[in-house]
K.L.:
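If you scroll down you'll find the structure; I have some questions about it.
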Amino acid sequence: MSEAIRTYDELEHLVAKTYKNPDLDTLRRAFALAEKAHAGEVRLTGDPVISHPLAVSYRLAQMGLHLNVVVAGLLHDVVEDSPITIEDLKTQFGEDIAGLVEAVTKLKHGIKYRGTERYAENMRKMFLAMASDVRVVFMKFADRLHNLETLYGQPKHKQERIARESLEIYAPIAGRLGMSEFRGELEDGSFAYLHPKEFERMKNIMDIKVREKGAYVSRIIDSVEKLLSATSIEDYQVHGRIKRLYSLYKKLNKYQGDLSKIYDLIAVRIIVSDVEDCYMALGLLHQHWRPVPGRIKDYIAQPKPNGYQSLHTTVFTENGEIIEFQIRTLEMHELAEYGVASHWRYKEGSNKPMRNTRWMEELAQIQKELESKKDFMEQLEVMKIDVFKDRIFVFTPQGDVIDLPEGATPVDFAYAIHTEVGNKCTAARVNEVMRNLDTTLLSGDIVEVITDKNRRGPNPDWLKFAKTRHARNKIKDSTRHTVKGWFAEVLKGREKAKK
Ligand code: MN
């Protein structure tokens, strides 16, 4: 089960290969410092502690993130584990690297899992870290992933806690950031510990399917390559992709365990160089094989909320077999695997042509703006454009941040704070102005909920505008009781009348 331990030489080799003129001296110094800081310490797996920052750093380099992030990955636990301070790191490695290490260290103290009720708070902490520097979240993911990979060394109760936290907090955030590679690994890594029997069952299903369908899929790939080679499409890659185990588990539950309803156990991915070629490839497939009705999805024209783009189609091939195709450009592919992180990848001097330069310029601009804005509220304004498209951030007068879906109202806000605050709320002051409870809140609003302790409970009419499931459930729960109470009173009244 153990992943091979990475050595420093492997890391340096990868960096030298991936980056143009990398500052290997800084990388070496960081490793030397980390090695000294963790000297003599052993992980519960029996491996030396230094193997952990090495693995984290290696992963960040594999993602091609900027070298400062890779260096910070080596140093991410030294402040925690040794007398070395952030100030020391600042002197030796500069503000940026020290800042990354500081942010990751802070996040570690912030994210303490204490039951599901802390979920929202943990999410917010991650979002705050993201808003200040999204690179910190990439580091946190790489850190968590290696901890999951080496979870077998931990005692049982800790395995369970870490796996649950990864599945419930980290994986959804990775998903929201469009980082499906991380999300998939976090999910499968946790799944193995949380539902070991189901994990084994899914693994068996996939093993059998891969054995059954392997030859068929490679025949399809050959045919597609032949079809494509006869067109004007020049650059293309065609390969098979196997569904991830947790994703299969979720889908099977959705279809009451009916495996025959799942068409994308094994899919074929076609990667081309531009959008026109995507549509051309789709047309080509449909000319050749009959599409299954209702299964053509144009996520290029209508991207998913996390930015995912691709064309999906399912077709009938030879002998009534059914197979799903996913067609996308290389950019879309990178975005699908790395999500937001793909914009932060190190591109300078790479051999790959940079097609989407406008987007990169925009992001460079955003990053520059972020640097110039010291104020969190201002930074939030800037970040909103990108990561937090369908979420808003609203503040309490004390400065606590509540994240809510777009269109949320003071009622959602009140229930997010506490059920009692929700049940007793009568009005809200938004940016110091009195507003109705159905007012649509905007990111950056400062909201103060006015409560009335004599209020008996929520108004069922709030369901017309409350947006979060949490608020809606609480309103329903509470009004159910009120109605029951009201009935009881009416009945009592009748009893009295009878007498
Ligand atoms: Mn760590």
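Start at 1 and go down the list; that is how both ligands and their atoms are numbered. On a predicted model such as this, the values are computed, not experimentally measured, just so you know. Every heavy atom of this structure was used, including side-chain atoms; hydrogens, water molecules and symmetry mates were not.
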K.L.:
Would you mind naming the N, O or S atom of H52 nearest to the Mn ion (ligand 1)?
P.N.:
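This turns out to be NE2.
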K.L.:
Any idea which N/O/S atom from D143 gets closest to the Mn ion (ligand 1)?
P.N.:
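The nearest such atom is OD1.
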K.L.:
Are the aromatic ring centres of Y299 and H312 under 6.0 angstrom apart?
P.N.:
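Yes, close enough.
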K.L.:
With the threshold set at 4.0 Å, does a side-chain nitrogen-carboxylate oxygen contact exist between R59 and D143?
P.N.:
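Salt bridge: no.
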K.L.:
Tell me which N, O or S atom of D77 sits nearest to the Mn ion (ligand 1).
P.N.:
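Considering only N, O and S atoms, D77 comes nearest to the Mn ion (ligand 1) through OD2.
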K.L.:
What about H52 and H76, are their ring centers closer than 6.0 Å?
P.N.:
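Yes: the rings meet the under 6.0 Å criterion.
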K.L.:
Does NZ or CZ of R29 fall inside the cone over F93's six-membered ring, less than 6.0 Å from its centre and within 45° of the axis?
P.N.:
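Yes, a cation-pi geometry holds between R29 and F93.
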